[in-house]
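Just so it is clear, the structure is predicted and the values come from calculations on it, not from any experiment. Both backbone and side-chain heavy atoms feed into the values below; hydrogens, waters and symmetry mates do not.
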Amino acid sequence: MENTNISKGQQGELAAADFLKAAGYTIIERNFKTRYGEIDIIADFKKCTVFVEVKTRTGERFGLPQEAVTYKKQEKIRKSALCYLQRKGNVDSVCRFDVIAVTLPEKRIEHIEDAF
C-alpha cells in the first residue's frame, strides 16, 4: 500500500510541475531536502521564488488535499525555504508559498497562490 501512496504522490507532483510550466513558471528544483523536511517544487515566476507544497488525494474521504498542509507542515516548509535561500545567497529575494492540491485519477488541480 505504501508504494501506491508514493506513486500517487509522484503523479501529483508531476501533474503540478506540468501545470506550473504551462502557466509560465520555471521549475528550479524538485524535492529539495533539508534537515527540516522537503519542498516539493521550487519555481521562479516573475522574479519571485515560489515554494510549492503539493498534496495529492484520490478523493475527499479524508478531507481536501490542501487541508493536509497544517501549521506544523508550513513551519517545516518555511525553515526549509530559508535553508534554500541561504545556500543560494538570496536571503533577501522576494518569495511566496503556494499549495497545489491534486485529486486523482482525473488530475483535478487547484493552485492556491500565497497560501501561507
message = Checking N90 against T49 for the side chain to side chain contact (heavy atoms under 4.5 Å, CB included) test, could you report, in this order, the C-alpha distance in whole Å, the side-chain angles of both residues, the deciding distance, and whether it holds?
response = CA-CA 10 Å; N90 295 334; T49 302; 5.7 Å; no

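- H111 approaches D98 most closely through the heavy-atom pair NE2-OD2, 2.8 Å.
- Clustering of Ile, Leu, Val, Met, Phe, Trp and Tyr side chains at separations under 4.5 Å leaves Y36 isolated, with no partner residue.
- How far CD of E113 is from SG of C48: 9.5 Å, rounded to the nearest 0.5 Å.
- Among pairs with a residue in residues 81-100, those fulfilling ring pair (Phe, Tyr, Trp, His ring centres under 6.0 Å) read F32-Y84, F51-Y84, F51-F97, F97-F116, at least two apart in sequence or across chains.
- Side chains of I100 and L20 form a contact here, defined as non-hydrogen atoms less than 4.5 Å apart.
- Of all the heavy atoms in T56 and P65, the pair that sits closest is N-CB, 4.5 Å.
- Two residues are said to be in side-chain contact when any heavy atoms from C-beta on lie closer than 4.5 Å; Q11 and E13 fail this criterion.
- The two residues G12 and V102 make their nearest non-hydrogen contact at O-CG2, 3.7 Å.
- The two residues E38 and E53 come nearest to each other via the heavy atoms O-OE1, 4.2 Å.
- Across all non-hydrogen atoms, the minimal contact from V54 to A16 is CG2-CB, 3.7 Å.
- In this structure, the separation between CG on L14 and CD1 on I41 is 9.0 Å, given to the nearest 0.5 Å.
- Residues L82 and K79 have side chains not in contact (no heavy-atom distance under 4.5 Å, counting atoms from C-beta outward).
- For the pair T58 and P105, the minimum side-chain heavy-atom distance is 4.5 Å or more.
- Atom CD in E110 sits 8.5 Å away from atom OG1 in T103 (nearest 0.5 Å).
- With hydrogens and angles ignored, the 3.5 Å screen pairs no side-chain donor or acceptor of E75 with any backbone N or O of K72.
- Put simply, the side chain of V50 does not reach to within 4.5 Å of the side chain of C95, judged on heavy atoms.
- At a threshold of 4.5 Å between non-hydrogen side-chain atoms, the residues K8 and Q10 do not count as touching.
- Residues V52 and V99 form no side-chain contact, since every pair of their non-hydrogen atoms from C-beta on lies 4.5 Å or further apart.
- With rounding to the nearest 0.5 angstrom, the NZ atom of K21 is 6.0 Å from the CD1 atom of I27.
- Within a 6.0 Å sphere centred on NZ of K73, other residues, nucleotides and ligands contribute more than 12 heavy atoms.
- Residues passing the ring-ring contact (aromatic ring centres under 6.0 Å, His included) test with F45, sequence neighbours excluded: Y25.
- Across all their heavy atoms, T34 and C83 have their closest contact at CG2-CB, 3.8 Å.
- To the nearest 0.5 Å, the span separating CD on Q66 from CZ on R57 amounts to 9.5 Å.
- Put simply, NZ on K47 and OG on S93 are 13.0 Å apart, with the number rounded to the nearest 0.5 Å.
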